[in-house]
Engineer: 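Following this message is one structure expressed as C-alpha cells.
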Amino acid sequence: MDLLRPPIARSLAGAPSADGLHTPSGAYLTGEEQLRITSIGNASGIVLTLRGRVLRPNFDIAITELPHTPNSNRTVATTTIALSEGWPLGFTVRASTGTPTSGAVWVLLELVRGQGSAAVVVETLGSGFVTANVPLQVPGAANCGPTDGAGCLRVIAGTSPGAGVEISETVPANARWQVLTFRYQLLTSATVANRQSALLADDGAVNLFYAGGDAVEAASGTYLYSYGTGFAPIAGGPTNALGRSLPSPIFLPAGARLKTQTINLQAGDQYSAVNYLVREWFDL
Amino acid sequence: MADLMLVSCVSCSGIYPRAQKDGTEYYHVCPARRVVTGAVVDAQSGKVTAPAVYAAIDQPRNENVAGLDAQRKAIIVAPGKGTLAVVDPAIIAAFTAPPEVL
C-alpha cells in the first residue's frame with residue numbers, strides 16, 4: 001500500500017464502496033455528469049473563468065478550466081463542460097476579464113446529466129455573486145441567491161425627456177431595485193403658470209407612492225429637485241434647490257416606474273439632469 | 001463624458017446614454033404622453049381656465065429585453081421609431097454638465 005496516498009475504498013468495478021473509508025469528496029462523478037455554470041449579469045465586457053480539480057480513480061488530478069461570458073442584459077447564460085470520472089475536489093469562479101462591481105454578476109454551479117434543455121440537475125454545488133477579486137468557491141461558500149446580499153449599487157443617468165414630457169424611468173426586466181435617491185432639474189418656460197412637480201412610483205398601473213409636489217415653481221424658473229430616503233426637507237437653502245423625503249425602504253419590481261407628475265406642466269417646460277442611485281438585484 | 005454615447009429617441013425626443021459609466025446598459029422606455037398645450041391659468045386667481053391638452057406618444061419605444069433570438073441576441077419589447085445618435089456638442093455638454101448652478 002502506498003503510505004503517501006490514503007486508502008480509497010474501491011469495488012472491483014472501480015467505483016467507491018461503502019466500507020466507511022474516507023472519500024475525497026461527497027460526490028462521485030461517473031463520467032456522465034457535466035458541470036453547468038449559469039450566470040446573470042448587468043454589465044458588459046465581463047468574462048468569468050471557472051477552474052476546478054477532479055481526483056480520478058487512478059489518483060491523477062484532472063484540472064478543469066472553463067471560460068464563460070455572462071449576458072449583460074439580465075438574461076440567463078449557461079455553459080457546460082464534461083467532467084471525467086472521479087471525485088470533484090472543488091471549483092472556483094471569478095471574473096477574469098472586466099471589473100464587475102459587487103453584485104453585478106451572479107453565478108450558479110450545478111452537476112447535470114443530459115444535454116441542453118433536456119439536462120437534468122443532479123446536484124447543486126453552490127451559488128453567489130462574483131467579482132475579479134471575490135470568487136465563488138465550492139464547496140465551502142454559503143449559497144447566496146440573486147436577491148440576497150447588499151445588491152449592486154448603480155448610479156444611473158436617466159433620460160432627459162423632450163419638452164413638455166414628464167420624466168419616466170422603468171425598472172428593467174429581471175431586476176429589482178431599491179431606490180435610494182432621485183434628482184432632476186425643471187426649467188420652466190415663460191408661459192405664466194405655477195408648476196408643482198412631484199415624484200411618484202407605479203407598477204405600470206397602480207400608483208405606489210407620491211412624494212413632494214408642494215413647492216411652487218413659477219414661469220422662467222430653474223429648480224433642482226432631490227429626493228432621498230430618510231431625507232429631511234431642505235430649509236433655509238437656495239429657494240430653487242428642493243429636497244424631499246422618500247418612503248424607506250422602497251423596493252420596486254421589474255416594470256415599475258419612477259415618474260414625475262407636474263401640475264400645470266407647459267409645452268415648453270424641460271426636465272433634465274435625471275440622475276438616481278439604486279441598489280439592484282436579479283429577480284429570476 | 002463623450003463616451004456615454006448619447007442617443008435621441010425619435011418617438012419621444014428623449015435623450016439618454018446607451019450605456020452607463022459603470023458598464024451597465026440603459027433601457028429607455030418612452031413616457032405615455034406629451035403636453036401639446038399647457039393648462040391656461042388665470043394670473044390673478046391662479047385657477048385653471050382651460051385644461052391642458054395631451055397627446056399620446058406615437059409608437060412608443062421600449063428597450064427592455066423581451067427575449068433572445070436564435071443567436072441569443074436580445075429582442076427588445078418595442079423599437080418605436082428608432083433612435084438617432086446625438087452629435088451636437090452643445091447637447092452633449094448640457095446632458096453631462098453638473099446642474100448645481102444655483
Side-chain angles (χ1 to χ4, degrees), chain A residues 42-46 71-75 77 98-101 104 152-170 172-174 183-185 189 191-194 222 224 237-241 254-255 257 259 262-269 272-275 280, chain B residues 1 4 6-9 11-17 19-43 46 48 51-55 57 60 62-68 72-77 91 94-102:
Chain A
N42 65 12
S44 57
I46 296 170
N71 292 333
S72 59
N73 52 21
R74 302 174 194 79
T75 54
T99 53
T101 55
C152 178
L153 274 179
R154 294 189 56 205
V155 175
I156 300 174
T159 298
S160 286
V165 180
E166 302 274 13
I167 292 168
S168 181
E169 298 291 309
T170 304
N174 292 341
R183 66 190 303 255
Y184 54 81
Q185 175 175 282
S189 69
T191 304
V192 174
N194 285 334
T222 303
L224 286 171
T239 55
N240 54 347
R257 299 178 297 187
K259 314 188 303 184
T262 314
I263 295 174
N264 295 334
L265 185 70
Q266 300 297 310
D269 292 349
S272 64
V274 180
N275 291 283
E280 179 175 296
Chain B
M1 292 196 188
L4 277 184
L6 295 181
V7 294
S8 172
C9 174
S11 297
C12 72
S13 304
I15 294 175
Y16 56 94
Q20 300 293 318
K21 289 184 287 185
D22 60 3
T24 56
E25 295 173 354
Y26 176 80
Y27 304 122
H28 167 72
V29 178
C30 287
R33 63 185 188 181
R34 73 174 78 239
V35 172
V36 177
T37 309
V40 178
V41 180
D42 180 79
V48 173
V53 176
Y54 300 97
I57 299 293
N62 185 336
E63 295 180 343
N64 273 291
V65 177
L68 301 177
R72 300 198 62 77
K73 293 279 189 187
I75 303 170
I76 65 174
V77 172
I91 296 176
F95 188 93
T96 55
E100 281 85 345
V101 179
L102 302 177

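Everything quoted here is computed from the prediction, not taken from an experiment. Just so it is clear, the values below take in all heavy atoms, side chains as well, and ignore hydrogens, waters and symmetry mates. In what follows, chains carry the letters A, B, and so on, assigned in the order in which the sequence lines appear, proteins first and then strands, with residues in each chain numbered from 1.
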Engineer: Against chain B, label T101(A) side chain, backbone, both or neither, depending on which of its atoms sit under 4.5 Å from a heavy atom there.
Structural biologist: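 It is neither, since no heavy atom gets under 4.5 Å.
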Engineer: Does R183(A) offer a backbone N or O that forms a donor-acceptor pair with the side chain of N275(A) under 3.5 Å?
Structural biologist: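 Not a single qualifying donor-acceptor pair exists.
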Engineer: Using heavy-atom distances under 4.5 Å, tell me whether S44(A) contacts chain B through its side chain, its backbone, both, or neither.
Structural biologist: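 Both backbone and side chain.
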Engineer: Cut-off 3.5 Å, side chains only: do S189(A) and Q266(A) have a donor facing an acceptor?
Structural biologist: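 Distance-only check fails for S189(A) and Q266(A).
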Engineer: Given that the side chain runs from C-beta out, which part of T191(A) has a heavy atom under 4.5 Å from chain B: side chain, backbone, both or neither?
Structural biologist: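 Answer is neither: T191(A) stays 4.5 Å or more from chain B.
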Engineer: Out of L68(B), V48(B), D42(B), which one racks up the most heavy-atom pairs below 4.5 Å with chain A?
Structural biologist: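 Greatest number of close heavy-atom pairs with chain A: L68(B).
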Engineer: What part of P161(A) gets closer than 4.5 Å to chain B, counting heavy atoms only: side chain, backbone, both or neither?
Structural biologist: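 Answer is backbone: N, CA, C or O of P161(A) sit under 4.5 Å from chain B.
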Engineer: Is there a donor-acceptor pair under 3.5 Å between the side chain of Q185(A) and the backbone N or O of V274(A)?
Structural biologist: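 No; zero donor-acceptor contacts below 3.5 Å.
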Engineer: Counting only non-hydrogen atoms closer than 4.5 Å, does N71(A) touch chain B with its backbone (N, CA, C, O), its side chain (CB onward), both, or neither?
Structural biologist: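 When you check distances to chain B, only side chain atoms of N71(A) fall under 4.5 Å.
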Engineer: Would you check if the side chain of N264(A) reaches a backbone N or O of N194(A) as a donor-acceptor pair within less than 3.5 Å?
Structural biologist: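 Yes; at least one donor-acceptor contact below 3.5 Å.
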Engineer: If I measure from the heavy atoms of chain B, does E280(A) come under 4.5 Å with its side chain, its backbone, both, or neither?
Structural biologist: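 Neither part.
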Engineer: Side chain to side chain donor-acceptor pair (under 3.5 Å), that's the test. Do E63(B) and Y16(B) meet it? Break it down for me.
Structural biologist: CA-CA 12 Å; E63(B) 295 180 343; Y16(B) 56 94; 2.6 Å; yes
Engineer: Measure distances from R74(A) to the heavy atoms of chain B and classify the residue's part below 4.5 Å as side chain, backbone, both or neither.
Structural biologist: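 Side chain only.
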